[in-house]
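Report on the following structure.
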Amino acid sequence: MLLGLLTAIAASVCYGTGSVLQAVGSRKSARRDAAAGDRTQHGGPSLSSTAKAAMTWEFIVGTVLDFVGFALGALAARLLPLFLSQTVISANLVITAVLSVKLLGIRLSRAEWTSIGVVCSALVLLASAAGHEGSGHTELSTHWWLLAIALLLMAGGTVVVRLLGSRAAILAGLLSGLGFGALGVGVRVLNGVDPFDAGALLTDPALYAILVAGIGGMYLHTVALQIGSVNGATAALVVGETVLPGAIGVLWLGDASRAGLAWMAVLGFVLAVGGAVAVAWFGTPDTPAPVPAKEPARVG
């Protein structure tokens with residue numbers, strides 16, 4: 001349990017830091033492209049502008065951190081119940097909010113800080129109540145369903161987000177979260193991992209669901225960072241990344257809380273998701289804090 005928690009916390013730090021660095025790179029590119037008129041007819045970022053955002057050094061470093069976070073998160077998903085691992089990883093919202101103050105010049109309101117405190121408290125409740133993780137063994141047909149759902153979410157979501165344009169930041173964040181949630185489920189049920197079997201691994205539809213959900217989720221997250229509040233988009237991602245995988249873990253994969261502490265697990269889960277939604281609700285546009293004007297030099 002302790003190793004799984006430490007792994008999930010490290011993944012959270014990587015994801016949170018990566019999100020802010022990606023936001024810095026995305027917005028730097030978006031400002032240049034907006035000036036050049038490189039937008040879709042709906043006001044959203046074009047595919048070329050998103051590709052350019054991915055070529056900034058900040059975005060590249062953030063992406064490297066995402067890959068490290070993915071590896072750590074995958075390990076955590078094998079060691080912990082999904083409702084715990086996904087929620088701890090989603091606490092990268094806290095890292096994102098704190099670093100955005102420094103790197104993006106954003107000032108958080110009292111309501112946002114309170115909501116972040118609620119998320120942190122909820123994580124303590126979840127960690128205290130979490131019991132054993134389930135086996136993760138499911139029928140192969142379930143893996144095919146996971147692949148189909150991942151394809152529908154990522155492909156359909158990309159089309160809808162492009163149609164909505166600049167109004168799609170929260171939706172893009174939510175869809176990216178659902179993608180990362182599907183990724184977490186895929187990691188848990190993946191065949192051929194323990195013991196390692198290359199044939200079983202490469203023929204498992206869950207492997208390709210992981211790839212589709214991971215790549216699609218990263219693309220939609222990049223779009224959300226380009227067109228909306230970094231904290232709001234990340235909060236929407238948290239909801240998508242925690243609610244569905246947590247429910248699947250409990251209902252189908254055998255995840256459980258400690259005996260007599262189910263109420264604490266439910267309370268912690270609800271508070272974590274509610275706190276994340278509150279950050280999105282109370283979030284203000286990501287406008288840098290005003291720089292105090294310098295006093296004119298005195299003569300004489």
Side-chain angles (χ1 to χ4, degrees), residues 1-22 61-100 116-136 177 180-190 193-196 210 213-214 217-218 221 234-235 237-243 245-246 248-250 253-259 261-262 264-269 271-273 275-276 279:
M1 175 70 75
L2 179 60
L3 177 60
L5 279 172
L6 292 176
T7 303
I9 290 170
S12 179
V13 172
C14 288
Y15 277 134
T17 307
S19 289
V20 175
L21 288 175
Q22 287 171 329
V61 172
T63 301
V64 170
L65 286 173
D66 273 350
F67 279 114
V68 174
F70 165 74
L72 293 170
L75 178 59
R78 304 284 299 195
L79 296 174
L80 297 172
L82 279 176
F83 70 81
L84 177 59
S85 66
Q86 294 302 109
T87 307
V88 172
I89 291 170
S90 295
N92 67 72
L93 171 67
V94 178
I95 308 297
T96 299
V98 172
L99 287 180
S100 66
I116 290 171
V118 169
V119 173
C120 293
S121 301
L123 294 177
V124 174
L125 292 176
L126 275 170
S128 301
H132 65 84
E133 72 278 7
S135 65
F180 294 139
L183 186 153
V185 174
V187 167
R188 170 65 76 81
V189 303
L190 188 62
V193 176
D194 186 20
F196 180 74
I210 290 170
M218 186 171 293
H221 190 208
T234 303
L237 184 150
V238 165
V239 174
E241 192 176 24
T242 54
V243 175
I248 290 174
V250 171
L253 302 181
D255 292 345
S257 61
R258 292 182 182 179
L261 294 181
M264 185 182 291
V266 172
L267 178 61
F269 189 81
L271 287 176
V273 175
V279 173

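On a predicted model such as this, the values are computed, not experimentally measured, just so you know.
- By the 4.5 Å heavy-atom criterion applied to side chains, I89 and F180 are not counted as neighbours.
- Considering CG of L126 and CG of L80, their distance stands at 11.0 Å, rounded to 0.5 Å.
- Contact of the Y15 side chain with the D66 side chain is registered, since non-hydrogen atoms from C-beta on lie closer than 4.5 Å.
- Of all heavy-atom pairs spanning V88 and A8, the tightest one is CG1-CB, 3.6 Å.
- For the side chain to side chain contact (heavy atoms under 4.5 Å, CB included) test, residues two or more places apart in sequence or in another chain that qualify with A10 are L72.
- Under the rule for a side chain to side chain contact (heavy atoms under 4.5 Å, CB included), the partners of V193 that lie at least two apart in sequence or sit in another chain are R78, L190, L201.
- In this structure, the separation between OG on S12 and CD1 on I95 is 5.5 Å, given to the nearest 0.5 Å.
- Across every non-hydrogen atom of S85 and A76, the tightest pair is CB-O, 3.8 Å.
- Atom CG in L82 sits 4.0 Å away from atom CZ in R188 (nearest 0.5 Å).
- Taking all atoms of both residues into account, the shortest heavy-atom contact from G18 to L65 is N-CD1, 4.0 Å.
- Here the closest heavy-atom approach between residue V187 and residue A77 is recorded as CG1-CB, 4.2 Å.
- A pairwise comparison of heavy atoms in A182 and A213 identifies CB-CB, 4.1 Å as the closest pair.
- Atom CG in L267 sits 5.5 Å away from atom CG in L125 (nearest 0.5 Å).
- Scanning both residues, P245 and G240, for their nearest heavy atoms gives CD-O, 3.8 Å.
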